[in-house]
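Whatever order the structure lists ligands and atoms in, that order sets their numbers, starting from 1.
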Amino acid sequence: GSGGGRYMKRILITGGAGFIGSNFIRYIIKSQKNFELLVNLDLLTYAGNLENLQSIESDSRYMFAKGDVRDRTLVEKLFETYDFDTVVHFAAESHVDRSIIEPELFLTTNIVGTQTLLDVAKRHWNLSPKDKYSQEYRAGVRYLQVSTDEVYGALGTAGFFTETTPLSPNSPYSASKAGADMIVRAYYETYGLPVNITRCSNNYGPYQFPEKLIPLMVHHAQRNVALPVYGDGMQIRDWLHVSDHCSAIWTVLESGRVGEVYNVGGNNERTNIEIVKCILRELGRPESLIEHVKDRPGHDRRYAIDNTKITTQLGWKPFYTFEVGIHETIQWYLNHQTWVERVTSGAYRKYCQEMYG
Ligand code: NAD
Ligand code: TYD
């Protein structure tokens, strides 16, 4: 059963200074969701930026803790201090291209980090922690793993990912996310820990780090720098506005059935080249800026989500159309050039040099 919705939640959010996590924190604070405490645990890697949270950081329910999800002592201390009943685990290394360069970091952050959180939550929430077979937990507790459709691997021209599609990851990133999902499943099957997994398609929207397709292309187009399209650019992604992902996560926290996986997507498949041309049009830049570069190794051809389960069982649906969402998003990047300049300084420039030459 669910029932999480009856409580004023005490939430641990990991990775809340990143793209989706910061949108989620702003979303639940601004739409007055029922929580009394929200602690954001984030290591502030290159992808984490507290400026993303400036508009809400003075809210009395919000607190920031700098640290690593792999640091068990720290995670235990946070549970003892704040007595969370809800965990939403966003923190991860999230970029496929970086995972090709540095796979080990992805395995430790994404898999060991997840196991550490699960283990501390289990000990803290179990009603008889000394009984190793106890599957009794406090009422209303929930651990939510924010996963990705990339764990299912690649589709051909037909078909969709459902929650029962076998996991078949192709990049070190998606393999690490699939590994994390398997550990979450094991904590449910073995220990009865009340968990959910959400698997969302590609997100777009404000505050996305400009290493990812849409903000990267806007940034290049603005400066009249070549737009690096991998291979033929006919790869397909199923794009969802980040705020619709946030509302889906909240819906699962409130009414998801314990132990279940929910796919999240808005039936919005686009080729990469279509997205890039749309950005060029919006900025009034010529298509001659497009440069086809060497394809990413192991590049998944197509992702597409079947969202029947979350829409019919939980009543969730996306708010944004792609046309409105992409327009607003491009305008957001144009209006936040100092944010872009700040996050693309130093270390990011070095990464770009290695990645794109
Ligand atoms: P992001 O890279 O923008 O943010 C990741 C955040 O995690 C950063 O703030 C970073 O500082 C933090 N972090 C990294 N390692 C940490 C550690 N060891 N301890 C604590 N904090 C750490 O990522 P995002 O795009 O916001 O993605 C968030 C989550 O959603 C990830 O789990 C990702 O796999 C998943 N997801 C992303 C998408 C997408 O399109 N971006 C789609 C589906 C699922
Ligand atoms: P990305 O934003 O990295 O997300 P993911 O690989 O997790 O889906 O990339 C989205 C698509 O855009 C993917 O097919 C790779 C492609 N892409 C490019 O063609 N050029 C680029 O410079 C980047 C970053 C991505």
> Thr45 heavy atoms, cut-off 4.0 Å: which ligand 1 atoms fall inside?
Replying inline: 10 (C), 11 (O), 14 (C), 15 (N)

>> For atom 44 (C) of ligand 1, which of the options Cys200, Ser147, Ser176, Ser22 provides the nearest non-hydrogen atom?
In response: Ser147

>> Would the distance check show the side chain of Asn203 and the main-chain N or O of Ser201 forming a donor-acceptor pair, the cut-off being under 3.5 Å?
In response: yes

>> Taking distance alone, with N or O pairs closer than 3.5 Å, would you say Leu216 contacts ligand 2?
In response: no

>> Looking at every heavy atom in both Phe84 and Leu78, which two are closest together, and how far apart are they?
In response: CE1-O, 3.5 Å

> Side-chain donor-acceptor pair under 3.5 Å between Tyr62 and Glu57, yes or no?
Replying inline: no

> Relative to the heavy atoms of Val229, which atoms of ligand 2 are at a distance of less than 4.0 Å?
Replying inline: 19 (O)

>> Parallel, tilted or perpendicular: which one describes the rings of Tyr320 and His241, with boundaries at 30° and 60°?
In response: parallel

>> Please report the interatomic distance CG(Leu155) to OG1(Thr165), rounded to the nearest 0.5 Å.
In response: 7.5 Å

> Got an N/O contact under 3.5 Å between Glu150 and ligand 2?
Replying inline: yes

>> Give the atom numbers and elements of ligand 2 that come within less than 4.0 Å of a heavy atom of His95.
In response: 3 (O)

> What do we get for Val293 next to ligand 2 when only non-hydrogen atoms under 4.0 Å count, side chain, backbone, both or neither?
Replying inline: neither

> Of all the atoms in ligand 1, which lie at a distance below 4.0 Å from a heavy atom belonging to Leu44?
Replying inline: 11 (O)

> Relative to the heavy atoms of Asp68, which atoms of ligand 1 are at a distance of less than 4.0 Å?
Replying inline: 17 (C), 18 (N), 19 (N)

>> Under 3.5 Å, is there a donor on one side chain and an acceptor on the other for Gln313 and Glu260?
In response: no

> Does Tyr173 reach ligand 1 with a nitrogen or oxygen that is under 3.5 Å from one of the ligand's nitrogen or oxygen atoms?
Replying inline: yes

> Any nitrogen or oxygen of Lys212, main chain or side chain, under 3.5 Å from a nitrogen or oxygen of ligand 2?
Replying inline: no

> How close does the nearest protein non-hydrogen atom get to atom 19 (N) of ligand 1, and which residue and atom is it?
Replying inline: Val69 N, 3.0 Å

> Without hydrogens or angle criteria, can the side chains of Tyr204 and Arg237 be said to hold a donor-acceptor pair below 3.5 Å?
Replying inline: no

>> Minimum distance, heavy atoms only, to atom 13 (N) of ligand 1: which one of Ala91, Ala180, Gly48, Gly16 is it?
In response: Ala91

>> I need the atoms of ligand 1 closer than 4.0 Å to a non-hydrogen atom of Asn202, numbered in the order shown.
In response: 40 (O)

>> Please list the nearest protein heavy atom to atom 5 (C) of ligand 1 with its residue and the distance rounded to 0.1 Å.
In response: Ala92 O, 3.5 Å

> Counting each atom of ligand 1 from 1 as listed, which ones have a heavy atom of Lys177 under 4.0 Å away?
Replying inline: 31 (C), 32 (O), 33 (C), 34 (O)

>> I need the nearest protein heavy-atom contact for atom 38 (C) of ligand 1: residue, atom name and distance, please.
In response: Ile20 CD1, 3.6 Å

> Would you say Tyr303 has any N or O atom under 3.5 Å from an N or O of ligand 2, going by distance alone?
Replying inline: no

> Does Asn202 reach ligand 2 with a nitrogen or oxygen that is under 3.5 Å from one of the ligand's nitrogen or oxygen atoms?
Replying inline: yes

>> Tell me the protein heavy atom at minimum distance from atom 31 (C) of ligand 1, and give that distance in Å.
In response: Phe90 O, 3.1 Å

>> I need the atoms of ligand 2 closer than 4.0 Å to a non-hydrogen atom of His299, numbered in the order shown.
In response: 13 (C), 14 (O), 15 (C)

> Hey, which atoms in ligand 1 end up nearer than 4.0 Å to a heavy atom of Ser201?
Replying inline: 42 (C), 43 (C)

> Is Ser94 close to ligand 1, meaning an N/O of one under 3.5 Å from an N/O of the other?
Replying inline: yes

>> Quick test of your reading: applying salt bridge (Lys or Arg N to Asp or Glu O under 4.0 Å), list the pairs with at least one residue in residues 161-170, sequence neighbours left out, ordered by first then second residue.
In response: none

>> Angle between ring planes, Phe90 versus Phe24, binned at 30° and 60°: parallel, tilted or perpendicular?
In response: tilted

>> Below a 4.0 angstrom heavy-atom separation, can you tell me which part of Ile214, side chain or backbone, both or neither, approaches ligand 2?
In response: neither

> Taking distance alone, with no angle check, do Pro228 and ligand 2 share an N/O pair under 3.5 Å?
Replying inline: yes

> Do the side chains of Arg302 and Phe160 get nearer than 4.5 Å, heavy atoms only?
Replying inline: yes

>> For ligand 1 and Asn203, I'd like to know whether there is a polar contact (N/O to N/O, distance under 3.5 Å).
In response: yes

>> So if I count the atoms of ligand 1 from 1 in the order they appear, which ones are less than 4.0 Å from some heavy atom of Thr109?
In response: 15 (N), 18 (N)

>> Quick check on contacts: which atoms of ligand 2 are under 4.0 angstrom from a heavy atom of Val96?
In response: 6 (O), 7 (O)

> Tell me: protein heavy atom nearest atom 25 (O) of ligand 1, and distance?
Replying inline: Phe19 CD2, 3.6 Å

> Hey, which atoms in ligand 2 end up nearer than 4.0 Å to a heavy atom of Met217?
Replying inline: 20 (N)

> Between the main-chain N or O of Tyr173 and the side-chain N or O of Arg98, is there a donor-acceptor pair closer than 3.5 Å?
Replying inline: no

> Nearest to atom 30 (O) of ligand 1 by heavy atom, Ile214, Val146, Ile249: which?
Replying inline: Val146

> Which of parallel (below 30°), tilted (30 to 60°) and perpendicular (above 60°) describes Tyr187 and Tyr191?
Replying inline: tilted

>> Any nitrogen or oxygen of Asp42, side chain or backbone, less than 3.5 Å from one on ligand 1?
In response: yes

> If you round to the nearest 0.5 Å, how far is OG1 of Thr86 from CG of Leu144?
Replying inline: 9.5 Å

> Do any nitrogen or oxygen atoms of Leu41 lie less than 3.5 angstrom from nitrogen or oxygen atoms of ligand 1?
Replying inline: no

> In terms of atom number and element, which parts of ligand 1 are under 4.0 angstrom from non-hydrogen atoms of Arg70?
Replying inline: 18 (N)

> Short N/O distance, under 3.5 Å, between Asp97 and ligand 2?
Replying inline: no

> Angle class for the Phe161/Tyr303 ring planes (parallel below 30°, perpendicular above 60°, tilted otherwise)?
Replying inline: tilted

> Think Lys9 forms a cation-pi with Phe35, using NZ or CZ under 6.0 Å from the six-ring centre and within 45 degrees of its axis?
Replying inline: no

> Has ligand 2 got any nitrogen or oxygen that is less than 3.5 angstrom from a nitrogen or oxygen of Glu211?
Replying inline: no

>> Just to confirm my output: which protein heavy-atom neighbour is closest to atom 4 (O) of ligand 1, and how far is it?
In response: Gly18 CA, 3.4 Å

